[in-house]
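Reading through the structure tokens given below for one structure.
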Amino acid sequence: MYTYSEFDRDFLATRNAQFRAQVERRISGALTEDEFKPLRLMNGLYLQLHAYMLRVAIPYGTLNSAQMRQLAMIADRWDKGYGHFTTRQNIQFNWPKLRDVPDILDALAEVGMHAIQTSGNCVRNVTADHFAGAAADEIADPRPAAELLRQWSTDHPEFQFLPRKFKIAITGSPRDRAVTQAHDIGLRMVLRNGQRGFEVIIGGGLGRTPVIGKVLAEFIPEADLLPYIEAILSTYNSFGRRDNKYKARIKIMVNELGLEEVRARVERRFDSLRSEWGGADKAVLAHFRRQFSPPAFRVVPTQAYHIAYENDPVFRSFADTNLAAHWQDGYSIVTISLKAHGATPGDATSDQMRVIADLAERFGHDELRISHEQNVILPHVHKSDLPALHAALQEAGLATANVGLISDIIACPGMDYCALATARSIPVAQEIAQAFAAREHDIGGLKIKISGCINACGHHHVGHIGILGLDRAGVENYQITLGGDATEAAALGERAGPGFAYDQIVPAIARVIDTYLELRRDPHEQFIQVFHRLGAQPFKDALYQTGARANAA
Amino acid sequence: MTIRFTPSVVTANDLLSGDVIYLTPHGNWSRIHTDAALFTEQLAAEAALSAAQAQPDQIVGAYLAPARHGPNGPEPAHFREVFRARGPSNYPHGKQADNMC
């Protein structure tokens, strides 16, 4: 993985010293809140319902054990002993005190981490496929390009005050695990005549105006990636609307100008920028690629795995849901679920973080990933180590075998923490997970995603079943969307109809699930496949107890 | 037609801790909702809010939050304010941990 250079360390030290001085001036009264707010936001510090919240970037979701241990230390020393992993591969600390934040930032800098640009109208944390560098279906590791984008966009003087926030996601696989079509820019690696490049998707996003991104360029050679991205940002920065924050995202610009016009403007800008770079970006990218070279894989027998798989049903269940195919023979990608039934999705205690860090060191070539689905991944585990790893996870209460199942829910913090939320998300996720835990393996693959307001941090639009919490006349109310998809077949869910009260949302979901179980042809036909075969109507009928079945009753 | 004023308390977050605080009848700040001054008249509420906003070295983001009379003092009248006065529902953190609600 990328290791900070002396330049990086100096930059961060200077930046942290600046923020320390800004905090001091705020506390002394020399800065008003209006003056301080943009400064703290640029450093990831929010003020939420009950306390400050510090959002720390985990670039493209990659961590090592030392970084994970430091997050655990921060959670214990300055927070309440836990952290919350988010849908943008960040970690949030929910209870820091203003005076402590400069010390927290210094502690992060010790392990090459920071909270810069995790808020504000700038390029946010560049996210990536959480299986990057490990997935069997990958063309190449996208993280060197992600690191290039991260360094280029960090403190970039031209792009610190964009019309609105800007999110970039990147994948090196044809299977999209990074929701690239719901980002301001989504990058999907493709090969053309043996040459690596990227399909560039633009103007995707969820929030109050959900849009599936459109292909701006089918193929941009890897060597031209940075000037092309700069051309997009530059076009957006000039044209994007600053008069209305709800019309300020690039998706609105694409809608207003039309894709063709955007493409023409970007191409013009690209033509003039391309020569200015003079190849420096290419040299840096080559340097990064060396830093992301694969670990020294072991070549040893894998019988231990096969024996455990045949003989231990609990291990088999874990292997069936939580393992993914690795490109290296003999290796697996292991997802550690942070969705124990009844737990807060994405939360890890400091003890769990330390266990995970130890396991990464012992079994996983010291690498960890955080997924946008709010789980932790050990990307490189030799199959012979899987039984021992599973036993260690069981001991730590981290062996929940539910990845991709109904209880593996994405949920934003909702009104339990977030100042923008209109309803709670977490308790709804907890209750759904508990209600279906006993039969979730029978229900099979199903993505439920919950947001506590229309900003859609919980990605509800692209959940097979999406839940959106709203405030309806002073009462929590939950709308259901059906048929969304976050993969390469990205689709926005269709709103089922009127919302449900807090105490009616779990029974409503149960009616959808029961309908699916009745209608599926066999246990292999997943919920989303039944939805594609039959449409939303049978589920709407079940939700609102209308249609032939209700009339016959 | 005049829009009827909803009885309100003045609330904010403490600058240093970020904790939710309420303006009391004595003009100081309390972490406990029932200690708050309940304003039933718009002019008085807005004057109190302005006075609160003039203390930027102590508080952040003051606003008027709907509230009603209760047996022990003012109670929040909207569920968002109920959560602010208590703490999150997934852990016993915040005011509920300190018997502040």
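Protein chains get the first letters and strands the later ones, always in sequence-line order, with residue 1 at the start of each.
Of the listed residues (B:D19, B:D14, B:I59, B:N13), the one with the most heavy-atom contacts under 4.5 Å to chain A is B:N13. Contact count versus chain B (heavy atoms, under 4.5 Å) is highest, among A:R424, A:M53, A:K37, A:E33, for A:R424. Options B:G61, B:P56, B:S89, B:P66 differ in how many heavy-atom pairs under 4.5 Å they form with chain A, and the most are formed by B:S89. With respect to chain A, the highest number of heavy-atom pairs below 4.5 Å among B:R84, B:Q58, B:R86 belongs to B:R84. The most heavy-atom pairs under 4.5 Å with chain B, out of A:T344, A:L31, A:D34, come from A:T344.
For A:D103, the side chain to side chain donor-acceptor pair (under 3.5 Å) test picks out A:R20, with sequence neighbours left out.
A distance of 10.0 Å separates CD of A:Q479 from CD1 of A:I505, quoted to the nearest 0.5 Å. Taken to the nearest 0.5 Å, the CG atom of A:L71 stands 6.5 Å off from the CG atom of A:L108. To the nearest 0.5 Å, atom CD1 of residue A:I356 and atom CD1 of residue A:I370 are 7.5 Å apart.
With a threshold of 4.5 angstrom between heavy atoms, A:L47 approaches chain B through side-chain atoms but not through N, CA, C or O. With a threshold of 4.5 angstrom between heavy atoms, A:F36 does not approach chain B through any atom at all. At a 4.5 Å heavy-atom cutoff, the contact between B:H93 and chain A is made by backbone and side-chain atoms alike. Residue contact with chain B, scored on non-hydrogen atoms closer than 4.5 Å, involves the backbone of A:Q48 exclusively. Residue A:V23: no heavy atom, backbone or side chain, is found under 4.5 Å from chain B. Interface remark: A:T422 contributes backbone atoms only to the contact with chain B (heavy atom separation under 4.5 Å). Residue A:I27 touches chain B through both its backbone and its side chain, counting heavy-atom pairs closer than 4.5 Å.
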Verdict with reasoning, B:L15 to A:Y52, per side chain to side chain contact (heavy atoms under 4.5 Å, CB included): CA-CA 9 Å; B:L15 173 65; A:Y52 288 97; 3.7 Å; yes
Full working for side chain to side chain donor-acceptor pair (under 3.5 Å) between A:Y502 and A:Q504: CA-CA 5 Å; A:Y502 179 79; A:Q504 289 303 307; over 6 Å; no
Stepwise side chain to side chain contact (heavy atoms under 4.5 Å, CB included) check, B:L23 with B:V9: CA-CA 7 Å; B:L23 188 68; B:V9 299; over 6 Å; no
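Contact check on B:R80 versus A:D471 returns no salt bridge, with no Lys/Arg side-chain nitrogen under 4.0 Å from an Asp/Glu carboxylate oxygen. The pair A:D351-A:R354 counts as a salt bridge, with a side-chain nitrogen and a carboxylate oxygen less than 4.0 angstrom apart.
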Donor-acceptor pairs under 3.5 angstrom involving side-chain atoms of residues 41-53 of chain B: please list them, not counting sequence neighbours.
| residue | atom | partner | partner atom | Å |
| --- | --- | --- | --- | --- |
| B:Q42 | NE2 | B:E46 | OE2 | 3.1 |
| B:S50 | OG | B:E46 | O | 3.0 |

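The only member of B:H33, B:R68, B:H69 that meets side chain to side chain contact (heavy atoms under 4.5 Å, CB included) when paired with B:P74 is B:H33.
Of the possible donor and acceptor atoms, none in the side chain of A:T400 sits under 3.5 Å from a partner among the backbone N and O of A:N402. When atom types are taken as modelled, the side chain of A:Q430 and the backbone of A:G342 share a donor-acceptor pair closer than 3.5 angstrom.
Residue-level contacts of residues 405-420 of chain A with chain B, in order of numbering, are A:M415, A:D416, A:Y417, A:A419; threshold 4.5 Å between heavy atoms. Annotation: residues 93-101 of chain A contacts chain B through A:W95, A:P96, A:K97, A:L98, A:R99 [non-hydrogen atoms, separation under 4.5 Å].
Taking the ring centroids of B:Y91 and A:Y82, they lie under the 6.0 Å cut-off.
A:H459 and A:E373 share no donor-acceptor pair across their side chains, judged by distance under 3.5 Å alone.
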